[in-house]
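It should be emphasised that the depicted structure is a prediction, and the values quoted were computed from it without experimental measurement. Numbering of ligands and ligand atoms starts at 1, following listing order.
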Amino acid sequence: MDQQHATADYDLAIIGASFAGLVAARTAAHRGLKVAVIDAKNEPGARVRTTGVLVKEAVDECDVPAALTRKIPGVRLYAPNGKHTDLTAPGYYFLATDTAAIMRWLAHEASRAGAHMLFGARFTGATRHETYISLHGLGISTRYMLGADGAKSSVAKAFNLGRNTEFMIGLETEYEETPSVDPDYLHCFIDTQLAPGYLGWVVPGVGMTQVGLAVSNGLFGETRKPDYQAFLNHIDTRFAFWNCEVLRKRSGPIPCGGLVSPLSGYRVLLTGDAAGLVSPLTAGGIRLAFQYGRRAGGAIANYLLDDGPDPGLVMARDYPRFGVKTWMRRLWSAAPPNALLNATLFTPPMRALAKRIYFEKRRTARGRFPQTPSECKNYAL
Ligand SMILES: Cc1cc2nc3c(=O)[nH]c(=O)nc-3n(C[C@H](O)[C@H](O)[C@H](O)COP(=O)(O)OP(=O)(O)OC[C@H]3O[C@@H](n4cnc5c(N)ncnc54)[C@H](O)[C@@H]3O)c2cc1C
């Protein structure tokens with residue numbers, strides 16, 4: 001392409017057709033940009049790497065169809081000795097999802113908004129010219145690029161942007177639906193021998209049951225690997241998964257070191273896991289991918305169409321910092337002894353902390369859950 005008279009093929013090329021990339025594509029295309037979404041997968045919903053549980057706030061960011069979800073009102077928290085306590089908050093719920101179907105729906109929505117979907121196309125590098133960027137091997141040029149390509153972002157690498165350096169490793173197996181799992185709870189297992197640095201889970205999913213665990217490296221960087229079989233042995237007297245058909249297995253890295261830096265360069269920006277937008281405490285990234293994917297799509301449209309401010313500067317102000325949460329997570333990776341957890345997990349201060357972590361957004365300004373109509377009104381404000 002002649003650099004002096006360049007007309008790029010697209011205004012915006014988004015690498016990664018997952019939660020962040022597809023929501024950004026829908027917004028940017030609705031705002032009038034010519035958008036391409038590029039993903040190495042052959043089709044939307046292929047090779048899902050997530051449990052896909054949504055916190056309630058995720059639905060406020062992206063109205064996912066109820067038919068693709070299952071409501072789970074509470075959390076059942078298990079101590080290492082098997083005792084458990086139930087946590088709920090008025091009006092709060094989690095959503096288990098048919099994640100592959102949600103991906104197909106999001107891709108359809110982005111397409112309907114006008115974005116071009118290019119599946120089976122891997123981003124391997126790009127050359128930046130004065131007014132456009134050309135993508136190697138794909139025969140595509142674009143005015144702006146958004147890296148929504150996950151925890152180990154190739155866009156970050158290609159443009160010398162910040163990259164995630166701290167990860168948890170998650171492993172999960174999907175079983176056929178089983179009646180031994182109470183469907184009203186996310187079952188979370190605290191055990192620093194079996195899941196040091198995070199926890200294990202059993203999720204009553206949409207038409208199946210998901211069983212997984214994640215671990216983080218030690219406080220001083222010692223490598224840890226999840227031992228799925230040991231975790232399964234620990235919980236199987238309760239659930240009998242040995243008796244259930246295995247439908248799928250998955251694993252993946254979960255960034256847990258907070259925001260990467262720098263987040264952007266000239267005409268290129270990172271979002272979602274690529275930017276480190278995962279809560280270090282809950283390891284949840286989908287709500288943030290929805291929220292900031294949409295914001296990033298809008299900021300890029302403002303920049304290209306209306307001479308708006310640099311999207312990198314806008315998002316650097318908007319993206320959350322996770323400072324305290326990152327340090328709390330690092331502390332948890334020290335893996336306090338199970339005996340200590342057995343003795344303290346269900347004490348009032350620990351229950352309050354667990355409630356704060358799971359139902360954070362439901363607290364009022366005064367630090368407790370809204371009880372009266374006037375408190376609910378204040379909370380809404
Ligand atoms: C085991 C596990 C369980 C989890 N459970 C939950 C949970 O229950 N709830 C929650 O909120 N979060 C969970 N997370 C975190 C959550 O999955 C991520 O935060 C979320 O998927 C991030 O979305 P994203 O769009 O940024 O990137 P991703 O979902 O990682 O998608 C990146 C996309 O980029 C594509 N891609 C990557 N490289 C290239 C390339 N070079 N060229 C073209 N395409 C490329 C990939 O194919 C992929 O489609 C979990 C993570 C793991 C690993």
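Checked by atom type and distance alone, the side chain of R128 pairs as donor or acceptor with a backbone atom of Y266 at under 3.5 Å. One N or O on the side chain of T97 and one on the backbone of G52 form a donor-acceptor pair closer than 3.5 Å. T69 places a side-chain N or O within 3.5 Å of a backbone atom of A66 that can act as its donor or acceptor partner.
Sparse packing is recorded around CG of N160, with 12 or fewer heavy atoms of other residues, nucleotides or ligands lying under 6.0 Å away. Surrounding CZ of R267 are more than 12 heavy atoms belonging to other residues, nucleotides or ligands, all under 6.0 Å away.
Aromatic ring centres of H116 and Y10 lie closer together than 6.0 Å. Between Y292 and F290, the gap from one ring centroid to the other reaches at least 6.0 Å. For an aromatic pair to be called close, the ring centres must be under 6.0 Å apart, and H187 with F239 satisfies this.
The V53 neighbourhood of ligand 1 comprises atoms 7 (C), 8 (O), 9 (N), 10 (C), 11 (O), with distances under 4.0 Å to a heavy atom of that residue. With ligand atoms numbered from 1 in the order given, ligand 1 contributes 26 (O) to contacts under 4.0 Å with heavy atoms of G272. With ligand atoms numbered from 1 in the order given, ligand 1 contributes 7 (C), 8 (O) to contacts under 4.0 Å with heavy atoms of G52. Of all the atoms in ligand 1, the ones that sit under 4.0 Å from a non-hydrogen atom of R49 are 1 (C), 2 (C), 52 (C), 53 (C). Which parts of ligand 1 touch D273 is read off a 4.0 Å heavy-atom cut-off, strictly below it: atoms 18 (C), 19 (O), 20 (C), 22 (C), 26 (O).
Residue T50 has at least one N or O atom closer than 3.5 Å to an N or O atom of ligand 1. Polar contact check, S154 against ligand 1: a nitrogen or oxygen pair lies under 3.5 Å apart. At least one N or O atom of A40 sits closer than 3.5 Å to an N or O atom of ligand 1. Remark: ligand 1 and G170 share no N or O pair separated by less than 3.5 Å (distance only, no angle test). On a distance-only criterion, G16 and ligand 1 share no N/O pair closer than 3.5 Å. In terms of polar-atom proximity, defined here as any N/O pair under 3.5 Å, R287 makes no such contact with ligand 1. For the pair L171 and ligand 1, the shortest N or O to N or O distance does not fall below 3.5 Å.
Heavy atoms of S251 found under 4.0 angstrom from ligand 1: none, in either backbone or side chain. Looking at A20 against ligand 1, both its backbone and its side chain come within 4.0 Å, counting heavy atoms. Contact annotation: for A274 versus ligand 1, there are no heavy atoms closer than 4.0 Å. Neither the backbone nor the side chain of S153 comes within 4.0 Å of ligand 1, counting heavy atoms alone. Using a 4.0 Å cut-off between heavy atoms, I15 contacts ligand 1 through its side chain alone, with no backbone atom that close. Under 4.0 angstrom from ligand 1, the non-hydrogen atoms of I254 all belong to its side chain. Looking at K152 against ligand 1, nothing comes within 4.0 Å, counting heavy atoms.
For E172 and K249, the salt-bridge test fails: no basic side-chain N is under 4.0 Å from an acidic carboxylate O. Using a 4.0 Å cut-off between charged nitrogen and carboxylate oxygen, D11 and K34 do not count as a salt-bridge pair. In this structure, R70 pairs ionically with E177, as a charged nitrogen and a carboxylate oxygen lie closer than 4.0 Å.
For the pair R330 and W327, the cation sits on the ring face: its NZ or CZ lies under 6.0 Å from the ring centre, inside 45° of the axis. Both tests pass for K71 against the ring of Y93: distance under 6.0 Å to the centre and angle within 45° of the axis. A cation-pi geometry, defined here as NZ or CZ lying under 6.0 Å from the six-membered ring centre and within 45° of its normal, does not hold between K56 and F359.
From the protein, the heavy atom lying nearest to atom 23 (O) of ligand 1 is F19 CD1, 3.7 Å. For atom 28 (P) of ligand 1, the closest non-hydrogen atom on the protein side is S18 OG, 3.5 Å. In terms of protein heavy atoms, atom 12 (N) of ligand 1 is closest to G285 N, 3.1 Å. The protein atom (non-hydrogen) at minimum distance from atom 37 (C) of ligand 1 is D149 O, 3.3 Å. Here the heavy atom of the protein found nearest to atom 40 (C) of ligand 1 is F123 N, 3.8 Å. Summary of contacts: the protein heavy atom closest to atom 49 (O) of ligand 1 is D39 OD2, 2.6 Å.
Among the candidates P253, S216, C256, the single residue satisfying the side-chain contact (heavy atoms from CB on, under 4.5 Å) test with E166 is C256.
The shortest heavy-atom distance from E172 to ligand 1 is not under 4.0 Å. At a 4.0 Å cut-off, at least one heavy atom of A148 sits close enough to ligand 1 to count as contact.
Residues I72 and L186 come closest through the heavy atom pair CG2-N, 3.4 Å.
The heavy atom nearest to atom 15 (C) of ligand 1, considering only A283, G252, G212, S279, is found in A283. For atom 27 (O) of ligand 1, the candidate residues are G150, A58, A121; the nearest heavy-atom contact is made by G150.
Between F241 and Y175, the ring planes lie parallel to each other; the angle is under 30°, not in the 30° to 60° tilted range.
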